[in-house]
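These notes concern the structure reproduced below.
All heavy atoms count here, side chains included; hydrogens, waters and symmetry mates do not. Here is the naming used below: chain letters follow the sequence lines, and residue numbers restart at 1 for every chain. Model, not experiment: these values are computed from the prediction.
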2 protein chains.
Amino acid sequence: MATLKYSRQRESIKEFLTGRTDHPTADFVYENMKQIYPNISLGTVYRNLSLLADLGEIQKLSSFGGADRFDARTVPHCHFMCTRCGRVMDVFSEHIDKSLESIAADFKDGQISDYKARFFGICKECLKEESH
Amino acid sequence: MATLKYSRQRESIKEFLTGRTDHPTADFVYENMKQIYPNISLGTVYRNLSLLADLGEIQKLSSFGGADRFDARTVPHCHFMCTRCGRVMDVFSEHIDKSLESIAADFKDGQISDYKARFFGICKECLKEESH
DNA sequence: TTACTTGCAAAAATTTTGCAGCTGT
DNA sequence: ACAGCTGCAAAATTTTTGCAAGTAA
């Protein structure tokens, strides 16, 4: 297991991220880091963002595992993605409908028609395999 | 506005997607389409998937608008992304906590610690601009 | 015919990786 | 000195686009 060593760049990246409430992209972080370290590379930014995310010090808000997914079921419904195995499953629940309503109340004006939710976690199958 | 013309390829793509309950990637659709149309191109698949999604005949389960986002706030919380302007905002709500519990009950075993949700819709600001 | 569609290929956008040299411990 | 880290550049991945030829209406 890798022993962590101090790095100015990593420290700055974390500090930069901590100071904002928006959710910057890697490239945005990179552009801002360049003002402190003119020679910093995008690769370094990506590596440190990954590392910090693995350590649990930041969150990576990623897509559905690289490529987008497509779904022919157009009745409103939500999805669950297992962050371990990558499977994407449909979800139906009245609690989610409540959530969507409250989200809509905050961000829109009570209409929930086109609001969707996506959940991320670990599925039973992966938990089972984990206990080996 | 473009008038839609019939296309075998588009028809097949939609039919293929309708016949599955998993959530294929564009590349997977492409690989399968090649068995019917050996010369079909990935560009055609992408164009038709986009088109079908615009028509509302399929759903695109996309990422946070291309690039991943990073967030230094590690206390469990959820996100809302405006599908119009791309802004990503934090969300706190007890309804969501209920949703996460029921999701966890279905997909895991009652522990909600690392379950996250993401919501997609249109924000107030964009709705306001729309009414012009 | 007229526009929409296609295949192909090139480009764009995002992320990962190999490597030689640098740096923290 | 050893292992982790960096910058750089190349590669890999995913998606979009330009263009000339093909096709539905």
Side-chain angles (χ1 to χ4, degrees), chain A residues 1-17 22-55 57-71 81 83 86 88, chain B residues 1-17 22-55 57-71 81 83 86 88:
Chain A
M1 202 156 286
T3 318
L4 210 54
K5 238 176 233 181
Y6 175 84
S7 130
R8 264 173 286 200
Q9 290 90 334
R10 183 160 59 241
E11 201 60 30
S12 292
I13 288 170
K14 189 185 166 186
E15 187 191 332
F16 174 72
L17 227 37
D22 61 351
H23 304 78
T25 62
D27 193 65
F28 187 83
V29 174
Y30 170 61
E31 289 303 329
N32 280 268
M33 284 304 105
K34 276 207 291 198
Q35 297 173 18
I36 310 178
Y37 311 100
N39 296 321
I40 199 173
S41 76
L42 190 52
T44 296
V45 171
Y46 269 106
R47 266 184 295 231
N48 279 309
L49 287 171
S50 271
L51 188 50
L52 288 168
D54 288 346
L55 293 171
E57 302 189 13
I58 66 170
Q59 276 195 81
K60 183 181 183 186
L61 311 182
S62 56
S63 69
F64 267 157
D68 289 346
R69 309 293 184 104
F70 296 87
D71 186 353
M81 183 192 191
T83 50
V88 176
Chain B
M1 200 157 290
T3 317
L4 208 54
K5 236 175 235 182
Y6 175 82
S7 129
R8 265 172 287 198
Q9 289 90 335
R10 183 160 58 243
E11 201 61 27
S12 292
I13 288 170
K14 189 184 167 186
E15 186 191 332
F16 175 72
L17 227 38
D22 62 350
H23 303 79
T25 61
D27 194 63
F28 187 84
V29 174
Y30 170 61
E31 289 304 329
N32 281 270
M33 283 305 104
K34 276 206 291 198
Q35 296 172 18
I36 310 178
Y37 310 100
N39 296 320
I40 197 173
S41 76
L42 190 52
T44 296
V45 171
Y46 269 106
R47 266 184 297 231
N48 279 309
L49 287 171
S50 273
L51 188 50
L52 288 168
D54 288 346
L55 294 171
E57 301 189 14
I58 66 170
Q59 277 195 81
K60 183 182 182 182
L61 311 182
S62 57
S63 70
F64 268 159
D68 289 346
R69 310 294 183 102
F70 295 87
D71 186 353
M81 182 192 191
T83 51
V88 176

Sorted by number, residues from residues 32-42 of chain B placing a heavy atom under 4.0 Å from DNA chain C are B:Asn39, B:Ile40, B:Ser41
When B:Met33 is tested against each of B:Ile40, B:Thr44, B:Leu42 for side-chain contact (heavy atoms from CB on, under 4.5 Å), which residue passes? B:Ile40
Is there side-chain contact between A:Leu55 and A:Leu4, with heavy atoms separated by less than 4.5 Å? yes
Suppose we screen for side-chain hydrogen bond (donor to acceptor under 3.5 Å, both in side chains). Which residues come up paired with B:Arg10, at least two apart in sequence or across chains? B:Asn48
Rounded to whole Å, how long is the line connecting atom CG of B:Leu51 with atom P of D:dT15? 17 Å
Return the value, rounded to whole Å, for the distance between atom OH of B:Tyr30 and atom C1' of C:dT6. 13 Å
Check the distance between D:dC5's C1' and A:Leu52's CG and give it to me in whole angstrom. 13 Å
Using a 4.0 Å heavy-atom cut-off across all strands, classify B:Asn48 as base, sugar-phosphate, or nothing. sugar-phosphate
Heavy-atom pair with the smallest gap, counting every atom of A:Ser12 and A:Tyr37: OG-OH, 2.8 Å
What one-letter contact string describes nucleotides 19-25 of chain C from 5' to 3', where B marks a base within less than 4.0 Å of any protein heavy atom, S marks contact via sugar-phosphate atoms alone, and - marks no contact? B----BS
On DNA chain D, compare the nucleotides closest to B:Ser50 and A:Gln9; which residue's is nearer the 5' end? A:Gln9
When the rotation axes relating C1' atoms of four end pairs to the next four are compared across the helix from C:dT1-D:dA25 to C:dT25-D:dA1, five pairs an end, they differ to 10° by 30°
Nearest-Å distance, CZ (A:Phe28) to C1' (C:dA13)? 18 Å
State which residues pass side-chain hydrogen bond (donor to acceptor under 3.5 Å, both in side chains) with B:Asp27; sequence neighbours excluded, sorted by chain then number. none
Considering just the side-chain nitrogens and oxygens of B:Tyr46, establish if one lies under 4.0 Å of OP1 or OP2 belonging to D:dT15. yes
List the atom of A:Ala26, the atom of A:Val45, and the distance in Å for their closest heavy-atom pair. O-CG1, 3.7 Å
Which residue pairs satisfy the salt bridge (charged side-chain N to carboxylate O under 4.0 Å, His left out) criterion with at least one member in residues 33-44 of chain A, sequence neighbours excluded? A:Glu31-A:Lys34
Just verifying a value: how many Å separate A:Leu17 CG and A:Phe28 CZ, rounded to the nearest 0.5 Å? 10.5 Å
Would you give the length of the straight line joining atom CD1 of B:Ile13 to atom CZ of B:Arg47, rounded to the nearest 0.5 angstrom? 10.5 Å
